[in-house]
Amino acid sequence: MAVLAAENVSGPIGLEEAAAMPQPPVIPLPPLIQLMRFNRRQVEFVFRARRELGDVFAMRTHEPAGQIVTGLPDDVRSLLTAKPEQAPSLTAESSLGPLIGPNSVLTSIGERHMRQRKLLLPRFHGDAIERYTETIAEVAEREIDAWPLRQAFALAPRMQAITLDVIMAGIFGIEGRAQQGTAEHRVRSAVRRLSDFSMSP
């Protein structure tokens, strides 16, 4: 899925041609209700709209032109490969900005983004991904071995524990459970607090 501001859609065909095209169906809810539902359960909200309205639809927002959401692979591909002047990025306006700053690969654009991305690429090459696969399998097996038998338990916290262990091992190089008082334990605690905060309503 890709979201773009309707007023910025120039794309390869130009503004005049875009204006002459049929407009996508609009989610029939007031902007404030849409914003609240989108922020609360984004995936559920978007996929329900897709089921009811089709692969391309519009959201009413506080912006005059609203936003268009597309799930068509060709649309997404053209947006991701378009020149910046054809499809301006809203990345710099990300809500992550105050948390991670403007220099992160998640919030930077243009040349700065490309420099940051090149620094990260070695971590995602074939050999590195193969090591991540092994790490994920080891972490998952270790976690599952600790699950109680013939007893109900909450699955979401256990899945989050697996994710946290994979992040700690794959990104920070911290294997297993760090001992309390160590720098590794403090990093793990900080990541867990950040994760819990991001999941809080």
Side-chain angles (χ1 to χ4, degrees), residues 1-9 11 18 22-80 82 87-109 113 116-117 120 132 136 139-140 143-144 147 152-168 170-172 187-201:
M1 288 280 183
V3 181
L4 53 149
E7 61 191 6
N8 288 335
V9 181
Q23 297 300 305
V26 180
I27 297 174
L29 290 171
L32 182 59
I33 301 297
Q34 285 191 50
L35 180 65
M36 290 170 60
R37 289 190 181 177
F38 183 80
N39 286 339
R40 181 84 171 138
R41 294 185 179 273
Q42 187 176 104
V43 173
E44 180 183 306
F45 177 80
V46 170
F47 277 89
R48 178 176 179 181
R50 185 181 180 190
R51 279 194 312 273
E52 294 176 356
L53 302 173
D55 288 319
V56 181
F57 56 89
M59 291 176 57
R60 291 190 181 108
T61 68
H62 62 282
E63 300 163 0
Q67 293 181 331
I68 298 172
V69 181
T70 179
L72 295 173
D74 287 344
D75 290 349
V76 176
R77 189 178 301 110
S78 68
L79 285 169
L80 292 176
S89 173
L90 296 177
T91 300
E93 300 174 26
S94 169
S95 57
L96 291 173
L99 185 64
I100 60 180
N103 297 321
S104 165
V105 72
L106 298 176
T107 53
S108 60
I109 56 175
H113 173 77
Q116 299 291 77
R117 192 171 156 185
L120 288 174
Y132 295 151
I136 291 168
V139 168
E143 172 64 34
I144 291 169
W147 289 359
F153 63 97
L155 194 57
R158 304 315 333 139
M159 295 291 103
Q160 288 174 338
I162 290 173
T163 303
L164 182 58
D165 282 352
V166 169
I167 290 170
M168 298 307 292
I171 295 179
F172 297 108
V187 170
R188 182 186 175 87
S189 298
V191 172
R192 180 180 283 283
R193 283 196 301 273
L194 184 60
S195 173
D196 290 345
F197 177 75
S198 71
M199 299 294 288
S200 169

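All figures in this text were calculated on a predicted structure; none of them were measured in a lab. Below, all heavy atoms of this structure are taken into account, side chains as well, without hydrogens, waters or symmetry copies.
Using a 4.5 Å cut-off on side-chain heavy atoms (C-beta onward), Phe57 and Val26 make no contact. Within the 4.5 Å cutoff, the side chain of Val69 has heavy atoms near those of the Val46 side chain. Taking the side chain as every heavy atom from C-beta outward, Phe45 and Met59 approach each other to under 4.5 Å. In this structure, the side chains of Ile27 and Arg60 stay at 4.5 Å or more apart for every pair of heavy atoms.
Remark: Ile144 engages Trp147 in a side-chain contact (heavy atoms from CB on, under 4.5 Å) (not counting sequence neighbours). Looking at residues two or more places apart in sequence or on another chain, you find a side-chain contact (heavy atoms from CB on, under 4.5 Å) between Ile33 and Leu29, Pro30, Arg37.
Taken to the nearest 0.5 Å, the CD1 atom of Ile136 stands 9.0 Å off from the OG1 atom of Thr163. Annotation: the span from Ile68 atom CD1 to Asp75 atom CG amounts to 10.0 Å, rounded to 0.5 Å. The CG atom of Leu72 sits 7.5 Å away from the CZ atom of Arg50 when rounded to the nearest 0.5 Å.
Considering all non-hydrogen atoms of both residues, Thr70 and Val76 come closest at O-CG2, 4.1 Å.
A salt bridge is defined here as a Lys NZ or Arg NE, NH1 or NH2 lying under 4.0 Å from an Asp or Glu carboxylate O, and Glu52 with Arg48 meets this definition.
Other residues, nucleotides and ligands contribute more than 12 heavy atoms inside 6.0 Å of the CE atom of Met159.
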